[in-house]
Amino acid sequence: MLRYSLTIIFLLFAGTLASGQCLTSLALNPPFVPPAPYFNIAAYSMFWYGSDALWTALDVDGKWPAHDKDKDGSVFKTKLVYWGRGFDWRKEDEPKLIITGKRLDGEAPTISVAHPYAAFVPSREGAGMMTLISIPTTGCWEVSAHYQGHDLSFVVSVNP
């Protein structure tokens, strides 16, 4: 019986991989709620993703829309903002946040992002760390962040 169940699970999983479906990161259950004074983002069709040590906001549908290639060769660019309980913009105006990305469903150059800076949301408390990420191709991408010994990864689908 166990072997039969495992076979069915494997076939379902293999079918998902073969279909090219990207299993994007979903909101946790129960959802992650950042410590005060950070604001509610559910009204923006987004959710908080991570832990008190390091978190970001993700789109509920897990998709980033691609566009025609820019001069630099990217098909998608966005500003990523991360927050962390230990981040103090007064002491660290250029945070030591490291962002990398790799395509999960095909060949593409890896991404490495440098030069994050402190960012503020107008009329809100709590500074974050912002950087610009450029995705070179459509597909299923894993984006990883590292800050002060803490790691956070999520999967997003960059669609045409």
Side-chain angles (χ1 to χ4, degrees), residues 21-160:
Q21 184 177 7
C22 182
L23 300 176
T24 60
S25 297
L26 302 173
L28 303 173
N29 188 11
F32 168 68
V33 178
Y38 299 95
F39 58 99
N40 180 2
I41 59 167
Y44 302 102
S45 298
M46 301 179 89
F47 63 93
W48 291 119
Y49 188 78
S51 68
D52 280 358
L54 188 63
W55 71 91
T56 191
L58 298 178
D59 293 324
V60 171
D61 68 2
K63 296 176 184 174
W64 287 350
H67 52 74
D68 294 332
K69 284 198 178 229
D70 283 347
K71 290 180 232 175
D72 68 358
S74 66
V75 299
F76 180 79
K77 285 184 183 180
T78 193
K79 293 177 183 174
L80 286 179
V81 182
Y82 288 85
W83 291 267
R85 186 179 284 273
F87 176 63
D88 183 348
W89 65 272
R90 291 170 199 88
K91 296 178 184 171
E92 195 176 2
D93 61 342
E94 291 186 28
K96 292 173 180 54
L97 175 71
I98 299 168
I99 307 292
T100 59
K102 65 180 178 180
R103 187 170 172 196
L104 301 176
D105 62 347
E107 295 296 319
T110 58
I111 299 166
S112 181
V113 180
H115 308 296
Y117 53 91
F120 301 88
V121 177
S123 76
R124 303 280 187 196
E125 296 287 329
M129 301 169 276
M130 182 181 286
T131 191
L132 180 69
I133 186 170
S134 297
I135 307 289
T137 65
T138 58
C140 189
W141 285 86
E142 179 181 49
V143 178
S144 299
H146 179 79
Y147 179 70
Q148 292 187 345
H150 302 285
D151 296 305
L152 178 63
S153 294
F154 63 86
V155 176
V156 65
S157 180
V158 179
N159 298 324

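FYI, the numbering just counts along the sequence from 1.
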Undergrad: Output the distance between atom CE (Met129) and atom CD1 (Ile99), rounded to the nearest 0.5 Å.
TA: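 Reported value, rounded in 0.5 Å steps: 8.0 Å.
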
Undergrad: I need the Thr78 OG1 to Leu132 CG distance, nearest 0.5 Å.
TA: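 Going from OG1 on Thr78 over to CG on Leu132, the span is 8.0 Å.
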
Undergrad: Quick one: pull up OG1 in Thr138 and NE2 in His67 and give me the separation to the nearest 0.5 Å.
TA: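 If I round to the nearest 0.5 Å, the distance is 11.5 Å.
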
Undergrad: Can you check whether Leu152 reaches Tyr49 side chain to side chain, under 4.5 Å on heavy atoms?
TA: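 In contact.
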
Undergrad: Give every residue pair that meets the ring pair (Phe, Tyr, Trp, His ring centres under 6.0 Å) criterion with at least one member in residues 95-118, sequence neighbours excluded.
TA: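 Every candidate ring pair (Phe, Tyr, Trp, His ring centres under 6.0 Å) pair involving residues 95-118 fails, so no pair, neighbours aside, qualifies.
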
Undergrad: What residue pairs, at least two apart or across chains, pass salt bridge (charged side-chain N to carboxylate O under 4.0 Å, His left out) with a residue in residues 79-91?
TA: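 Matches after skipping sequence neighbours: Asp52-Arg85, Asp88-Arg90.
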
Undergrad: Measuring from Phe154:CZ to Leu58:CG, what's the distance to the nearest 0.5 Å?
TA: 5.5 Å

Undergrad: Would you mind reporting whether Ser134 and Ile111 have side-chain heavy atoms less than 4.5 Å apart?
TA: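 Side chain of Ile111 against side chain of Ser134, heavy atoms only: no contact under 4.5 Å found.
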
Undergrad: On a heavy-atom basis, which atom in Cys140 and which in Val155 lie closest, and how many Å separate them?
TA: SG-CG1, 3.5 Å

Undergrad: Could you please spell out the steps behind the side chain to side chain contact (heavy atoms under 4.5 Å, CB included) verdict for Phe32 and Trp55?
TA: CA-CA 9 Å; Phe32 168 68; Trp55 71 91; 3.4 Å; yes

Undergrad: Taking side chain as C-beta onward, heavy atoms only, is Thr137 less than 4.5 Å from Val158?
TA: no

Undergrad: Looking at every heavy atom in both Phe47 and Asp59, which two are closest together, and how far apart are they?
TA: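 Distance-wise, the nearest heavy atoms are CE2-O, 3.5 Å.
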
Undergrad: I'd like to know if the side chain of Thr56 reaches the main chain of Tyr82, judged simply by a donor and an acceptor atom lying under 3.5 Å from each other, with no hydrogens or angles considered.
TA: no

Undergrad: Tell me the side chain to side chain donor-acceptor pair (under 3.5 Å) pairs involving residues 150-160, sequence neighbours left out?
TA: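 Sorted pair list: Ser144-Ser153, His146-Asp151, Ser157-Asn159.
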
Undergrad: Less than 4.5 Å apart, any side-chain heavy atom of Asp105 and any of Cys22?
TA: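 The answer is no, as the side chains (C-beta and beyond) never meet within the 4.5 Å cut-off.
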
Undergrad: Between Met46 and Val60, what is the shortest heavy-atom contact and its length?
TA: N-CG2, 3.7 Å

Undergrad: First locate atom CZ of Phe87, then atom OH of Tyr147, and finally report the distance between them rounded to the nearest 0.5 Å.
TA: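 OH of Tyr147 is found 5.5 Å from CZ of Phe87.
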
Undergrad: Other residues, nucleotides and ligands only: do more than 12 of their heavy atoms fall within 6.0 Å of CD on Gln148?
TA: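 Enclosed.
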
Undergrad: So how far is it from Leu23 CG to Leu104 CG, rounded to the nearest 0.5 Å?
TA: 9.5 Å

